[in-house]
Structures are given as C-alpha cells and as structure tokens.
Amino acid sequence: MEKLIITAAICGAEVTKKHNPNVPYTVEEIAKEAEAAYKAGASIIHLHVRYDDGTPTQDIERFKVCIEAIKERCPDVIIQPSTGGAVGMTNEERLQPIYLKPEMATLDCGTLNFGGDDIFVNTENTIIYFAQKMNELGIKPELEVFDKGMIDMALRLHKKGYIKAPLHFNFVMGVNGGISGEPRDLLFMVESIPKDATWTVTGIGRYEIPLATMAIIMGGHVRVGFEDNVYISKGVLAKSNGELVEKVVRIAKELGREIATPDEARQILGIKR
Ligand code: KMH
Ligand code: ZN
C-alpha cells in the first residue's frame, strides 16, 4: 500500500479560540501550528489565514506573510491554500492566494448548506472558472466534495477537460448540510471515484478519527486539524494540531501503514516541484 499522506487543516475560517484557545490567528501562531503538525508527520498544510483578531481573510498579502513564515520553519512542506475562504466571500476574494502559485489549492465542487442560514456557494461556472485559473497557474487542485453529487460534478468537469488528471479528492464528511460520516458513507464515496484517483478523508467533529482509521486501512489518505475538530478525545481539547497528527501517526503505525514525507506525497499526487 502506498504511504499515508497526512494533511493538517490547522486554522479554518469558522472555528475560533472560543472553541479551543489553541486555534491560531496571528502569523506567529499559524507558523507554530504548521510546524507542530509537520514535525508530527503532516506533509500538507491546508491553509486558511486570519487577521490578528481572528477575522478570516483571503488577503493575498496576509497569505504571503503566513506562507513565508511556514516555509521558514518547514521548508519542504506542501502548502495548500483554501479557495473556499469563508461563507459569503466573493469569487475574486477567494481566489487571491492562487496568485502566489502554491503547489496545491482546494477546488470546492458544489454548493451546500453550511449550518444555520449559511450557504457555501460554488456554482458550476464558479467551479469551472476556479479550475481554469488553477490550470493556467500549474496548481494541483484538491477536489473538495461534501456529498456524492459533488463527485459527479467533478467527474463531469473532468470529462469536459476542465479538471485534469490525476484526480485527487477530499471527502469532507459530517458537515451539517453534506454527507454524514458513517462507515457506509465513506465506502459509497470511495466506490464512486475512478480506481486511479487518490483520496483523502476529512471527518468533521466526532467522525474525524473513525474515518481516518478507515482511510488508513483502505489505502486512502487523512486530513485532521482544528478546522475540522478541536478535541483529542471525547470532551478533551487538543493542545495543538500536532497532537491530532500524532494520534493519526500512532494509529497508522499500529496498522502497519508508513507515513509519507512531503516529497513522497508529491510523487503520490503527481505534483512536480
Ligand atoms: N470555510 C468553508 C466555507 C475550503 O477550504 O476549500 C470552506 C472551506 C473549504 O473551508
Ligand atoms: Zn478549508
């Protein structure tokens, strides 16, 4: 089985210090959390950024400073900025970090309810536009799918030539509005993508570790981090993103799956540095 790629989603746009005081906001905090995750075994940092007061932003200058600070501490890590940003942002606002030409970025493949009155909007034309921009800039998209229909959308746009192979999916499961995170749901998602595609699973909240464990067994890859879950065990807040990555590494070791370095992750995902 190929080695396990661990992605750390260290910050997110919605989670706050009220949920867990260790959620990073400042450049220094973001760099420190990225380093803790990287040292524990993460090869990809899924990156959102904040202003110092915690407000989420897609500002290119803020991304630039955060990426530089992360690279200083973890020179070879793969940085994957979000193009999802936060609910309500415009497309152009969301796209800003791609102009820094990161190796990867997220490509959200559909619209969904996002709790309360929030709607995370990704129309078909938005997806095509984002995909075209990433193609132009040579950025590998991670296909964020929150439901089975979004896999179908991604496959349709791949067939039309907008999304290029090799395809890499991230099944985000357990968002209030998307697919839930039961074992049968993951099996359904995995069986719905082409055999030669790679996949990662992101389990939200209590789904995080059970789905990570399934991915380790099934040959998929894993994302953990404060964006998705702030607890290390039931009712106990995680001290850092590093602690969540360490837990995945421990489970992988017990199950005999080796951890990929960033360069090994590049090879698995078909990223040319
Ligand atoms: N913050 C969510 C609205 C992504 O990073 O591409 C969108 C999100 C997805 O987190
Ligand atoms: Zn995100």
Side-chain angles (χ1 to χ4, degrees), residues 7-39 42-108 114 118 120-122 126-144 170 202 223 225-228 240-242 262 265-266 271-273:
T7 300
I10 59 173
C11 168
E14 289 80 22
V15 69
T16 70
K17 285 188 190 289
K18 285 197 184 111
H19 300 106
N20 182 330
N22 300 312
V23 171
Y25 293 167
T26 67
V27 176
E28 176 66 19
E29 287 170 350
I30 285 175
K32 205 170 133 237
E33 279 301 304
E35 185 179 27
Y38 166 77
K39 284 196 164 154
S43 48
I44 302 177
I45 303 296
H46 169 66
L47 190 62
H48 290 253
V49 300
R50 309 287 187 99
Y51 290 121
D52 286 354
D53 67 357
T55 309
T57 176
Q58 290 291 101
D59 178 54
I60 189 166
E61 288 307 321
R62 189 68 170 183
F63 261 99
K64 189 164 182 275
V65 174
C66 287
I67 289 173
E68 279 166 5
I70 293 172
K71 286 206 164 148
E72 231 166 74
R73 292 168 181 249
C74 334
D76 62 335
V77 81
I78 300 168
I79 298 180
Q80 178 201 83
S82 169
T83 68
V87 167
M89 290 178 172
T90 65
N91 288 351
E92 291 309 328
E93 205 176 348
R94 285 167 51 181
L95 273 176
Q96 291 176 79
I98 67 167
Y99 301 108
L100 298 169
K101 297 198 184 166
E103 293 176 274
M104 287 184 95
T106 57
L107 176 59
D108 293 281
F114 217 73
D118 286 347
F120 180 36
V121 179
N122 296 282
T126 294
I127 304 164
I128 291 171
Y129 178 59
F130 279 34
Q132 285 172 326
K133 288 277 176 198
M134 289 186 209
N135 290 339
E136 277 166 32
L137 294 165
I139 298 167
K140 163 107 183 170
E142 178 176 88
L143 307 170
E144 309 295 305
N170 177 20
T202 296
R223 178 174 118 175
F226 287 156
E227 178 166 348
D228 312 317
S240 73
N241 282 277
R266 286 183 179 92
I271 296 174
K272 289 171 211 86
R273 207 176 179 188

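Distance check, rounded to the nearest 0.5 Å: CD of E227 to OG1 of T202 gives 8.0 Å. Between I70 atom CD1 and I79 atom CD1 the span is 4.5 Å, to the nearest 0.5 Å. Between L137 atom CG and L95 atom CG the span is 9.5 Å, to the nearest 0.5 Å. In this structure, the separation between CG on D53 and OG1 on T16 is 11.5 Å, given to the nearest 0.5 Å. Atoms NE2 and CD, on H48 and E14 in that order, are 7.0 Å from each other to the nearest 0.5 Å. Atom CG of D59 sits about 9.5 Å away from atom CD of E93, to the nearest 0.5 Å.
No side-chain heavy atom of V15 sits less than 4.5 Å from a side-chain heavy atom of N20. No side-chain heavy atom of F130 sits under 4.5 Å from any side-chain heavy atom of P141.
A pairwise comparison of heavy atoms in F63 and Q58 identifies CE1-OE1, 3.6 Å as the closest pair. The nearest pair of heavy atoms linking P97 to P102 is O-CD, 3.5 Å. The two residues V23 and C11 have their closest heavy-atom pair at CG1-O, 4.2 Å. Taking each heavy atom of K17 and Y25 in turn, the nearest pair found is N-OH, 2.7 Å. In terms of heavy-atom proximity, K101 sits nearest to I139 at CA-CD1, 4.4 Å. Residues D52 and R62 approach most closely at OD1-NH2, 2.7 Å, considering heavy atoms.
No more than 12 heavy atoms of other residues, nucleotides or ligands sit less than 6.0 Å from atom NZ of K39.
A salt bridge does not link K32 with E28: every distance from a Lys NZ or Arg NE/NH1/NH2 to an Asp or Glu carboxylate oxygen is 4.0 Å or more. Salt-bridge check for E29 with R50: failed, with every basic side-chain N at 4.0 Å or more from each acidic carboxylate O.
Y129 places no side-chain N or O within 3.5 Å of a backbone atom of N91 that could act as its donor or acceptor partner. Within the 3.5 Å criterion, the main-chain N or O of I10 finds a donor-acceptor partner in the side chain of N241. Distance alone, capped at 3.5 Å, places no donor-acceptor pair between the K140 side chain and the M104 backbone. Although no hydrogens or angles enter the test, the distance criterion places no donor-acceptor pair under 3.5 Å between the side chain of E144 and the main chain of D108. One N or O on the side chain of T83 and one on the backbone of T106 form a donor-acceptor pair closer than 3.5 Å.
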Next item on the list: Give the intermediate values and the outcome of side chain to side chain contact (heavy atoms under 4.5 Å, CB included) for residues Q80 and N170.
Entry: CA-CA 12 Å; Q80 178 201 83; N170 177 20; over 6 Å; no
